A.B. asks: 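Before I ask anything, let me first share the structure, which is written out below as C-alpha cells.
Lettering follows sequence order; numbering is per chain, from 1. Quick caveat, the model's predicted, so the values are computed rather than measured.
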There are 2 protein chains.
Amino acid sequence: MDSNSLSTRLSMETLHGSLTDPAISSMNLLNELIDEYPVAISMAAGRPYEEFFDIRLVHSYIDAYCAHLRHDRKLDEASVTRTIFQYGTTKGVIADLVARNLAEDENIDAAPESVVVTVGAQEAMFLVLRTLRADERDVLLAPAPTYVGLTGAALLTDTPVWPVRSTENGIDPDDLVLHLKRADEQGRRIRACYVTPNFANPTGTSMDLPARHRLLEVAEANDILLLEDNAYGLFGSERLPSLKSLDRSGNVVYIGSFAKTGMPGARVGYAVADQQVPEGGLLADQLSKLKGMLTVNTSPIAQAVIAGKLLLNDFSLTKANAREIAIYQRNLRLTLAELTRRLGGCRGVGWNTPTGGFFVTVTVPFVVDDELLAHAARDHGVLFTPMHHFYGGKGGFNQLRLSISLLTPELIEEGVSRLAALITARL
Amino acid sequence: MDSNSLSTRLSMETLHGSLTDPAISSMNLLNELIDEYPVAISMAAGRPYEEFFDIRLVHSYIDAYCAHLRHDRKLDEASVTRTIFQYGTTKGVIADLVARNLAEDENIDAAPESVVVTVGAQEAMFLVLRTLRADERDVLLAPAPTYVGLTGAALLTDTPVWPVRSTENGIDPDDLVLHLKRADEQGRRIRACYVTPNFANPTGTSMDLPARHRLLEVAEANDILLLEDNAYGLFGSERLPSLKSLDRSGNVVYIGSFAKTGMPGARVGYAVADQQVPEGGLLADQLSKLKGMLTVNTSPIAQAVIAGKLLLNDFSLTKANAREIAIYQRNLRLTLAELTRRLGGCRGVGWNTPTGGFFVTVTVPFVVDDELLAHAARDHGVLFTPMHHFYGGKGGFNQLRLSISLLTPELIEEGVSRLAALITARL
C-alpha cells in the first residue's frame, strides 16, 4: 500500500508537467535567489516606479467610477452599488472605457464587445492560448528570447512554442515563414505568433515602422494570427503605431496591460479579439466563455480603480503617466550613459540602446548564469537577470537584462558602477 | 487558399473542445435565456442578498486593512502603499488573515503558508485540477449533479469527470470505492473527489456527521484527495464541522470562497493545500507556481477589501453575516412553506428540505427543459434553473433548482405562486 500512499500520489512526476519545466523552475529559483539579497541594488525587478503611489488615489479612482455610473450612465444608487459589489459580466464592466483609452492613446478603434477585461495581461494570454490550443498538432511561435509569462501560459495549456529568430528589429519575418512551411510539412498547425513590437521584455528592442508593415503583410498572406503584447508602448521617446492600429486584415489580437500604466495592484488587463469565429460570434466571445470557467469575472472593484484613473485623465494614460514617462526616459538615458562611462571600450562588452521601456540588454564575453548572479549579489551588491532564463535555458548565456524602472539616479549610478566592477574583473 | 483563410482557421472545431462541450454551451444558452426576461421573478440566480451593500464599506475596508498594515504589521507608509499598489506575493498578501478567519469560523487550523489566495474559488478549482492533471490517465470524481464551475475547471484542464452516485446525504462512499476499483482496472488514476458537504449547489443537500466521518475514512483508506468546496457552510440553522476540520490524515484540500460571505465583487477565494509533495514542499507551493503563470497574483486591492471586512468583524464572517444569515434562513423557510401551501399533496410533485444555503430542488412528473423555462418566463413570469444543466445534460430532467438568496418575502410568495400555476397546469 505504501507505493499508493497519498504523498506518493502527489510526487512531482505525477503532477502537471509545467511544474517541472526547466523554464519555470529556473525562474522560480531566480526569484528565490533575488529575494535572498534584499539589500543589493536591484536592476532585476521589472516593476513600475513607486514615488507617486498614494492610497488616497485608490479611493478617488473608485469614487470617480461611481460618479461616472451615476452621471454618465444614469444608474440609480442601487445599480451603482450592485455594479461594484455583485458578480459582473464576464467580459468586464469597463470594456467601453478601455475602448475609449485605446482610441485616445493607441489610435485603435476597438468595439467594446471585442474587449475582454482580464486579471492582468497574463490571464489574457492564457485565455487566447487555451482557446486556440485544441490538440497536439497546435503550435505557437514566439521570438527567442521571450517574455516568461508567455512561456508560462504556453506551459499551462500544453502548447509547444517554436522560437522564431529575432533581431534588433524584432521578429525575422523570413524565419517566421520558414516555420510555417515546416509546420505544414509536419502536419502541425501554427495557431499564432506572439510579438512585442515596443520595448520588448526582456530585450528592450522595438520594431521600426517598415518591419511592422512587413510583419502584417506576412501575417495576412499566411492567414496567421499575431498576438501583440504592448505593455511598454507608452514609455518611449517616440511613439510608433501598434500593429493593431495598422492592421487592416484582422490578423492582430491585442493584449493590453494596465500593470505598468495603471496600477500593478489592480491586476487588470485585457484582450481585444475582434476576429469573427464562424458560428461563434467574435473571438472575444469565445475567450469570455473560457474566462467564465477560469475566474468568472475580473473584480469590479479592481476594474473601478483602473476606470477611475482613465476617467480622471481624459482616457489618456500617456497624460496620466507624464511624470513616470519622463522618469523612465531619464533612467534609461542615464543607464546607457553610465554603461558607456564605465564599460565603453571594454573588449567584448556591449549593450543595445533602446529608446524606451524598462530594459537594456548587456552582452559580455563570459557566461552569465545564476552562479554569477549569486556572486554579483553577495560580493558586489547588485542584481540583474541572466538572459538565459528567457530562452528556457537554451541560449543567451552571454547576456543579462538590466531593469531601470524602479531606481533613482543615484542608485543607477551606483548599480552600474558595481556591475562594471563585476564585469571588468572577469575580462 | 480559401480553406486556409483566417476565419476557417478560427472555426469552432479548431478551437479548444471545452468551447463546444454541451455542459458549457447549454449553461451559456441558459444564461442568455434568463437575460431575455429581466422582469420575471428570478428564482434562478445564486447571488448573495444585496440590501446591505454600501459603497462606503469598500472604502472603510481598504482603510481598515491599511491601518492593520501600519499598526499590527508595523509597516511604514511607503510599504503600506507598495502592498496595495505594487505586484504582491503569488500566494496572496492576506493569507495570514484568511487563516485566522478559518480558525474563527471553521475550527480549521491552517498554516498561512498552506493558503493560496485566488481570484475566487473558481481559480482555486482550476489550479488544483491543473496541478493534479498530468496526462490522459487522470480522472476526477464528482457527485452528479455537480457545481457547474467544477465542470468548467475540469473542461479547461481536459480532465474527465466520473459522476459518483449522490443521495440526500451526499456522495455515496460505496459508489466512490467502486469507481476507484474501476479506475485501477482501466489503468486510470483518480486524482481527487470533489465534494460540497454543506448545502451543495445545485441540490441544497448536506452530509450528516456520520457521513462526513465515513467519507474521510474511505479517503484515508484509499489514499485519495477530497476537494472540499464550502461556499455555503455559514448559511445554516445548525453548523456541522467541515471535512477539513475533521481531517486527521491530510486527505482534504479545502476550497474557500468569499463571494457569498465577503463580497462577490472582490473576486477573492482561496485553497488550503497543506499536503506534502515529495521534494516539492507543500501542495500550496505547487498551486502557487501555476498561479504565477495564470494570474500572477490576486489583486491586493481586492484582497484588502476582504481583509478589511475580516478585521472589522473580529475575523468572523458568521458575525459579519448575521443579518444575511437570518434573511437566507427566513427565505428558505418561507419557500418551503409556500411550496407546501401551493403544491402540497400534488401527485408526483416533491422537494427536498435543506436546512441552509441558497437552493431547493423541486421534482415534478414531467420534463423540465429549457423550453419549459422559456414558457415559464414568458407566460408565468418566473425563472428557475432546469436541473439537467448540472448533469451535463445527462440526467435531472424531472427536476429544477430554486434559488432563494436574492428575494424578498413578497417575491418568494409571488414566485412560488407562479411556479405552482405552471406546475399544476401540467399535472
A.B. asks: Nearest 0.5 angstrom please: Ser7(B) OG to Asp223(A) CG, how far?
C.D. replies: 9.0 Å

A.B. asks: Given heavy-atom pairs under 4.5 angstrom as the criterion, report whether the side chain, backbone, both or neither of Val148(A) touches chain B.
C.D. replies: neither

A.B. asks: What is the minimum heavy-atom distance between Phe85(B) and Pro264(A), and which atoms define it?
C.D. replies: O-CD, 3.2 Å

A.B. asks: Specify which of Pro278(B), Gly120(B), Gly292(B) makes the most heavy-atom pairs with chain A at under 4.5 Å.
C.D. replies: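 Ranked by contacts with chain A, first place is Pro278(B).
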
A.B. asks: Heavy atoms only, distances under 4.5 angstrom: which of Glu123(A), Gln303(A), His16(A) has the most pairs with chain B? Name it, please.
C.D. replies: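 Going by pairs under 4.5 Å, I would pick His16(A).
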
A.B. asks: Could you tell me which portion of Asp135(A) (side chain, backbone, both or neither) has an atom closer than 4.5 angstrom to a non-hydrogen atom of chain B?
C.D. replies: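 Contact with chain B is absent: no heavy atom of Asp135(A) under 4.5 Å.
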
A.B. asks: Is the backbone N or O of Met12(A) less than 3.5 Å from a side-chain atom of Gln286(B), with the two atoms forming a donor-acceptor pair by type?
C.D. replies: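 No: the side chain of Gln286(B) does not pair with the backbone of Met12(A).
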
A.B. asks: Between Ser11(B), Ser249(B), Ala134(B), which shows the greatest number of heavy-atom pairs under 4.5 Å with chain A?
C.D. replies: Ala134(B)

A.B. asks: For a side chain to side chain contact (heavy atoms under 4.5 Å, CB included) with Val58(B), tell me which candidate from Asp63(A), Ile62(A), Thr81(A) qualifies.
C.D. replies: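 By the side chain to side chain contact (heavy atoms under 4.5 Å, CB included) criterion, Val58(B) pairs with just one of Asp63(A), Ile62(A), Thr81(A): Ile62(A).
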
A.B. asks: Check for a donor-acceptor pair, side chain of Arg191(B) on one end and backbone N or O of Arg9(A) on the other, with a separation under 3.5 Å.
C.D. replies: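 Side chain of Arg191(B) to backbone of Arg9(A), a donor-acceptor pair under 3.5 Å: yes, one is there.
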
A.B. asks: Please check: side-chain N/O of Arg82(A) versus main-chain N/O of Glu50(B), any donor-acceptor pairing under 3.5 Å?
C.D. replies: no

A.B. asks: About how many Å separate OG1 of Thr131(B) and CG of Leu10(A), when rounded to the nearest 0.5 Å?
C.D. replies: 10.0 Å

A.B. asks: Select one option (side chain, backbone, both, neither) describing which atoms of Val305(B) are under 4.5 Å from chain A's heavy atoms.
C.D. replies: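 Looking at Val305(B), just its side chain touches chain A.
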
A.B. asks: So, Gln122(A) side chain and Val296(B) main chain: donor-acceptor pair closer than 3.5 Å or not?
C.D. replies: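 Not confirmed, Gln122(A) side chain does not pair with Val296(B) backbone.
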
A.B. asks: Please determine, among Gly280(A), Ala302(A), Gly152(A), Ala154(A), the option with the most heavy-atom pairs under 4.5 Å with chain B.
C.D. replies: Gly152(A)

A.B. asks: Taking Ser299(B) for the side chain and Gly265(A) for the main chain, is one N or O donor matched with an acceptor at less than 3.5 Å?
C.D. replies: yes

A.B. asks: Answer with side chain, backbone, both or neither: which region of Ile190(B) has an atom nearer than 4.5 Å to a non-hydrogen atom of chain A?
C.D. replies: backbone

A.B. asks: Tell me which of these, Gly88(A), Ala78(A), Ala266(A), has more heavy-atom pairs under 4.5 Å with chain B than the rest.
C.D. replies: Ala266(A)

A.B. asks: Search all heavy atoms of Val119(B) against all heavy atoms of Asn297(A) and return the closest pair with its distance.
C.D. replies: CG1-O, 4.4 Å

A.B. asks: Counting distance only, does the side-chain N/O of Arg130(B) pair as donor-acceptor with the main-chain N or O of Leu156(A) below 3.5 Å?
C.D. replies: yes

A.B. asks: How many angstroms lie between CG in Asn222(B) and CG in Leu6(A), if you round to the nearest 0.5 Å?
C.D. replies: 11.5 Å

A.B. asks: Name the option with the most non-hydrogen atom pairs under 4.5 Å to chain B; the candidates are Val277(A), Ile55(A), Leu19(A).
C.D. replies: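 When all of Val277(A), Ile55(A), Leu19(A) are compared, Leu19(A) has the most.
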
A.B. asks: Given the options Thr298(A), Leu225(A), Thr151(A), which has more heavy-atom pairs under 4.5 Å with chain B than any of the others?
C.D. replies: Leu225(A)

A.B. asks: Quick one: what part of Phe126(A) sits under 4.5 Å from any heavy atom of chain B, side chain, backbone, both or neither?
C.D. replies: side chain

A.B. asks: Roughly how far, to the nearest 0.5 Å, is the OG1 atom of Thr14(B) from the CZ atom of Arg189(A)?
C.D. replies: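 If I round to the nearest 0.5 Å, the distance is 6.0 Å.
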
A.B. asks: How many angstroms lie between OG in Ser60(B) and NE2 in His59(A), if you round to the nearest 0.5 Å?
C.D. replies: 9.0 Å

A.B. asks: For Lys260(B) versus Tyr87(A), what's the shortest heavy-atom pair and its separation?
C.D. replies: NZ-OH, 2.6 Å

A.B. asks: Chain B: which of Met263(A), Glu51(A), Lys289(A), Gln86(A) shares the most heavy-atom pairs with it under 4.5 Å?
C.D. replies: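 Looking at each option in turn, the highest pair count goes to Gln86(A).
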
A.B. asks: Which atoms of Asp54(A) are under 4.5 Å from chain B, going by heavy atoms: the side chain, the backbone, both sets, or neither?
C.D. replies: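 The answer is the backbone of Asp54(A).
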
A.B. asks: To the nearest 0.5 Å, tell me how far Ile24(A) CD1 sits from Leu290(B) CG.
C.D. replies: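 The CD1 atom of Ile24(A) sits 9.0 Å away from the CG atom of Leu290(B).
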
A.B. asks: Between Leu294(B) and Leu294(A), is any pair of side-chain heavy atoms under 4.5 Å apart?
C.D. replies: yes

